[in-house]
Amino acid sequence: MDVEQPSRVGSLLREWRQRRRLSQLDLANLADTSARHLSYLENGRARPSRRMLLRLSVALDVPLRERNTLLLAADYAPAYRESSLDDDYMASIRSALETMLTAHEPYPAVVVDRLWNVLQGNRAMGVLMDGIPPHLLEPRPNVFRLALHPDGLAARLANLGEVRELFLERLSHQVNATGDTELHALYEEVSRYPTSEDTPAAPPSRHRQSPIQVPLRIRTPFGELAMFSTMATFGAPADVTLSELAIELFYPLDDFTANALRALPRDGA
């Protein structure tokens, strides 16, 4: 007798379940099915319905892009559209992004995709992008390359060691949560950027009681600026591209930084 072999979709389901550290019983309870049926799906003895795949995807918190991958692996059509941000279909999203970026000035703000490529920024981003060489800006700037490459912002960070550790930890967590091979490649690249053992330790911070563990402390001609950031995403996206967009909003950590940012000239102002 032929031995059953896991199907492609069954293998993917198992990978996602294991990534989320769930037993078959745990996932079965979350998806309102039986552990036995889930076992059959994973080992290829049963074919999941389209509805069941989507239900399992929700229970496993699978990104929309990978939900489409699961559906295709089971010979179903994708459930989620993937649009270009330039499409007419996305006009309301472009308008919302422009509103958020402009309203946040004079503080920096940037829109990134799932790989942390910079898609759009406001004029205040100049304080972070100043002096960045062309090879880090093409074909698109990338937040992790900009921050950690020796030719990028790293050369101006007063607390590079702290920022590097935090950024790599965050990227590693995202790689583990998503299984994204392109994110993994980005992590492998930026984690290998050279760091100087002779780099002097950061001077004591003036933010000893700061609520932010690792602010960005950036040396500029106007003095050392200290900033922190928050991330915003769109609720209930039905489009792959939209689900992968994030807006990073930077804020001053002290009055000196706030006043310096307000005083900076804006291109085109």
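Because the structure is predicted, anything quoted here is derived from the model rather than measured.
By the 6.0 Å contact criterion, CZ on Arg170 is open, its count of non-hydrogen atoms from other residues, nucleotides or ligands being 12 or less. The number of heavy atoms from other shown groups lying within 6.0 Å of CZ (Arg50) is above 12. Other residues, nucleotides and ligands contribute only 12 or fewer heavy atoms inside 6.0 Å of the NE2 atom of His184. Within a 6.0 Å sphere centred on CD of Glu165, heavy atoms belonging to other residues, nucleotides or ligands number 12 at most.
When all heavy atoms of Leu30 and Ala59 are compared, the closest pair comes out as CB-CB, 4.0 Å. Among all heavy-atom pairs drawn from Ala155 and Arg219, the shortest one is O-NH1, 4.0 Å. Between His37 and Ala46 the shortest heavy-atom distance is CE1-CB, 4.4 Å. Taking both residues in full, the closest heavy atoms of Val163 and Leu157 are given as CG1-CD1, 4.0 Å, listed atom of the first, atom of the second, then distance. Listed here is the closest heavy atom pair of Arg19 and Ala177: CD-O, 3.4 Å. For Ala96 against Phe234, the heavy-atom pair with the smallest separation is CB-CE2, 4.4 Å.
In this model, no donor atom of one side chain and acceptor atom of the other lie less than 3.5 Å apart for Gln213 and Glu162. Defined by atom type and a distance below 3.5 Å, a donor-acceptor pair is missing between the side-chain atoms of Thr220 and Glu224. A side-chain donor from one of Glu248 and Ser229 sits under 3.5 Å from a side-chain acceptor of the other. Tyr193 and Arg164 share no side-chain donor-acceptor pair at under 3.5 Å.
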Should Met227 and Leu253 be marked as a side-chain contact (heavy atoms from CB on, under 4.5 Å) after you check the CA-CA gap, both sets of side-chain angles, and the distance that decides it?
-> CA-CA 5 Å; Met227 290 184 279; Leu253 191 59; 6.0 Å; no
Full working for side-chain contact (heavy atoms from CB on, under 4.5 Å) between Leu249 and Val110 = CA-CA 7 Å; Leu249 305 169; Val110 66; over 6 Å; no
Would you check, one step at a time, whether the test side chain to side chain donor-acceptor pair (under 3.5 Å) holds for Ser83 with Arg81?
-> CA-CA 6 Å; Ser83 307; Arg81 180 173 179 169; 3.2 Å; yes
Show your working on side-chain contact (heavy atoms from CB on, under 4.5 Å) between Leu146 and Met129 and close with a plain yes or no.
-> CA-CA 8 Å; Leu146 291 173; Met129 304 293 284; 3.8 Å; yes
Verdict with supporting geometry, Arg192 and Glu188, salt bridge (Lys or Arg N to Asp or Glu O under 4.0 Å) = CA-CA 6 Å; Arg192 292 193 176 104; Glu188 290 295 310; 3.0 Å; yes
Which is it for Arg55 and Asp32 under the salt bridge (Lys or Arg N to Asp or Glu O under 4.0 Å) test, yes or no, and what are the steps along the way?
-> CA-CA 9 Å; Arg55 205 158 76 206; Asp32 194 24; 5.3 Å; no
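Paired with Leu225 under the rule side-chain contact (heavy atoms from CB on, under 4.5 Å), one option of Leu216, Leu128, Leu261 passes, and it is Leu261.
Side-chain contact check for Leu153 versus Leu148: every heavy-atom pair is 4.5 Å or farther apart. Between Leu27 and Leu56, some side-chain heavy-atom pair lies under the 4.5 Å cut-off. When side chains are defined from C-beta on, Pro63 does not count as touching Ser243, because their heavy atoms never get closer than 4.5 Å. Contact check for Arg140 versus Val118: no side-chain heavy atoms found under the 4.5 Å cut-off. Under the 4.5 Å side-chain criterion, counting only non-hydrogen atoms from C-beta, Asp75 is in contact with Arg47. Side-chain contact between Thr241 and Met90: present, with at least one pair of heavy atoms (C-beta onward) separated by less than 4.5 Å. Residues Leu101 and Met125 fail the side-chain proximity criterion, which asks for heavy atoms closer than 4.5 Å. A 4.5 Å side-chain heavy-atom check between Gln120 and Arg94 finds every atom pair outside the cut-off.
No donor-acceptor pair under 3.5 Å is formed between the side chain of Arg145 and the backbone N or O of Asn117. In terms of modelled atom types and a separation under 3.5 Å, the side chain of Asn68 and the main chain of Tyr80 share a donor-acceptor contact. Looking only at distances, a side-chain donor or acceptor of Asp87 sits under 3.5 Å from a matching main-chain atom of Ser84. In this structure a side-chain-to-backbone donor-acceptor pair under 3.5 Å is present from Arg17 to Leu22. Judged by distance alone, the side chain of Asn122 and the main-chain N or O of Ala109 form a donor-acceptor pair under 3.5 Å. Side-chain atoms of Arg262 do not come within 3.5 Å of backbone N or O of Tyr107 as any donor-acceptor pair. The main-chain N or O of Glu42 is found under 3.5 Å from a side-chain atom of Arg14 such that the two form a donor-acceptor pair. In this structure a side-chain-to-backbone donor-acceptor pair under 3.5 Å is missing from Asp130 to Gly126. Side-chain atoms of His173 never come within 3.5 Å of backbone atoms of Leu168 as a donor-acceptor pair (strictly under, hydrogens ignored). Checking side-chain atoms of Ser11 against main-chain N and O of Ser7 turns up a donor-acceptor pair under 3.5 Å.
Two rings, from Phe228 and Tyr251, have their centers less than 6.0 Å apart.
Once rounded to the nearest 0.5 Å, the distance linking OG1 of Thr178 with CZ of Arg65 reads 11.0 Å. How far CG of Leu64 is from CG of Leu242: 9.0 Å, rounded to the nearest 0.5 Å. The CG atom of Asp113 sits 10.0 Å away from atom CG of Leu85, with the distance rounded to the nearest 0.5 Å. Note that CD1 of Ile93 and CG of Leu245 are 8.0 Å apart. Values are rounded to the nearest 0.5 Å. From Leu70, atom CG reaches atom CG of Leu12 across 5.5 Å, with rounding to the nearest 0.5 Å. Residue Gln24 holds its CD atom at 10.0 Å from OG of Ser34, rounded to the nearest 0.5 Å.
Leu60 and Val175 fall into different hydrophobic clusters, where Ile, Leu, Val, Met, Phe, Trp and Tyr are joined by side-chain heavy atoms under 4.5 Å apart, directly or via other members. Cluster annotation: Val240 and Val112 are assigned to distinct hydrophobic clusters (Ile/Leu/Val/Met/Phe/Trp/Tyr, side-chain heavy-atom contacts under 4.5 Å, transitive). Linking ILVMFWY side-chain heavy atoms closer than 4.5 Å, directly or via other members, places Tyr89 and Val111 in a single hydrophobic cluster. Tyr40 and Leu54 are not part of a single hydrophobic cluster, where members link through side-chain heavy atoms under 4.5 Å apart.
For residues 117-147, the pairs satisfying ring-ring contact (aromatic ring centres under 6.0 Å, His included) are Trp116-Phe144, His135-His149, Phe144-Phe167, with sequence neighbours left out.
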